[in-house]
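Heads up, the thing below is written out as structure tokens.
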Amino acid sequence: MPCLYITTNVNLDGIDTNPIFSEATTAVSTIIGKPEKFVMVVLKSSVPISFEGNKEAAAYAEIVSMGGINSEVKRKLIATIGTILQSRFSIPRTRFFLKVFDTTAFSTKSKI
């Protein structure tokens with residue numbers, strides 16, 4: 001189950017966030033190759049964020065998935081989610097950071 005957690009300093013009070021949930025869910029599902037019903041999206045706004053020494057619109061996101069992550073998928077996720085944030089919240093792609101974590105990348109076999 002992929003989980004995308006987006007944190008931004010943009011105030012989203014009074015803004016319809018349903019489109020970003022829909023677009024982000026579809027993007028993650030399509031890029032990682034998991035059904036939409038297994039994708040979770042968390043959006044947190046109005047969080048104090050300083051990036052490049054200023055507090056202009058910015059976003060930090062993490063995506064955690066059990067498999068389906070490789071270098072090409074990472075690039076597509078960064079580009080697509082960055083584009084969604086830019087079009088919906090006017091957050092420049094250069095002020096967006098995505099941390100990608102695949103829980104299966106570090107699995108070890110038990111010797112028991």
Side-chain angles (χ1 to χ4, degrees):
M1 174 172 84
C3 177
L4 173 64
Y5 188 97
I6 302 170
T7 305
T8 181
N9 57 357
V10 175
N11 183 343
L12 302 179
D13 291 345
I15 295 176
D16 180 13
T17 56
N18 287 331
I20 191 166
F21 283 107
S22 177
E23 288 181 42
T25 298
T26 300
V28 170
S29 171
T30 302
I31 295 168
I32 294 181
K34 305 281 184 180
E36 284 189 22
K37 67 181 183 177
F38 295 123
V39 176
M40 177 187 292
V41 177
V42 179
L43 177 61
K44 190 170 185 178
S45 65
S46 301
V47 175
I49 297 176
S50 174
F51 185 64
E52 296 179 339
N54 64 61
K55 295 186 180 183
E56 294 174 17
Y60 169 79
E62 293 182 358
I63 188 156
V64 179
S65 180
M66 293 174 62
I69 304 287
N70 59 33
S71 295
E72 183 178 339
V73 167
K74 287 179 189 180
R75 282 191 292 274
K76 287 181 181 178
L77 287 168
I78 291 166
T80 304
I81 295 167
T83 299
I84 292 169
L85 293 173
Q86 185 170 20
S87 67
R88 292 290 174 184
F89 304 137
S90 300
I91 298 171
R93 290 177 58 179
T94 56
R95 295 189 54 81
F96 164 64
F97 182 84
L98 178 66
K99 177 181 176 182
V100 181
F101 185 73
D102 184 342
T103 61
T104 62
F106 300 104
S107 63
T108 57
K109 300 208 186 255
S110 175
K111 294 183 181 182
I112 297 178

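For residues 2-26, the set of pairs meeting the ring-ring contact (aromatic ring centres under 6.0 Å, His included) definition, not counting sequence neighbours, is empty.
Taken from OG in S71 to NZ in K76, the straight-line distance is 12.0 Å, to the nearest 0.5 Å. We find the CD1-CZ distance between I84 and R93 to be 10.5 Å, quoted to the nearest 0.5 Å.
If you run side chain to side chain contact (heavy atoms under 4.5 Å, CB included) between R95 and each of T8, L85, N54, only N54 comes through.
Partners of Y60 under the ring-ring contact (aromatic ring centres under 6.0 Å, His included) rule, at least two apart in sequence or in another chain, are F97. For R88, the side chain to side chain donor-acceptor pair (under 3.5 Å) test picks out E23, with sequence neighbours left out. In this structure, K55 has no salt bridge (Lys or Arg N to Asp or Glu O under 4.0 Å) partners at least two apart in sequence or on a different chain.
A continuous path of Ile, Leu, Val, Met, Phe, Trp and Tyr side chains, each step under 4.5 Å between heavy atoms, connects F96 with V73, placing both in one hydrophobic cluster. I6 and V10 fall within the same hydrophobic cluster, where Ile, Leu, Val, Met, Phe, Trp and Tyr residues are linked whenever their side-chain heavy atoms come under 4.5 Å apart, directly or through other members. A single hydrophobic cluster is seen to contain both I81 and V100, as judged by linkage of ILVMFWY side chains at heavy-atom distances under 4.5 Å, directly or through other members.
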Table please: side-chain donor-acceptor pairs of residues 30-44 below 3.5 Å, with sequence neighbours left out.
from, atom 1, to, atom 2, distance (Å)
T30, OG1, T26, O, 2.8
K34, NZ, M66, O, 3.3
E36, OE2, T26, OG1, 3.1

Which donor-acceptor pairs under 3.5 Å do the side chains of residues 11-20 make with protein atoms, sequence neighbours left out?
from, atom 1, to, atom 2, distance (Å)
N11, OD1, D13, N, 2.8
D16, OD1, N18, N, 3.1
D16, OD1, N18, ND2, 3.4

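Shortest non-hydrogen contact noted between G67 and S65 is O-OG, 2.8 Å. Scanning both residues, S90 and A57, for their nearest heavy atoms gives O-CB, 4.2 Å. Closest approach of L4 to A61, counting heavy atoms only: CD1-CB, 4.2 Å.
Between the side chain of S29 and the backbone N or O of T25 there is no donor-acceptor pair closer than 3.5 Å.
Annotation: E52, atom CD; neighbour count of heavy atoms from other residues, nucleotides and ligands within 6.0 Å is above 12.
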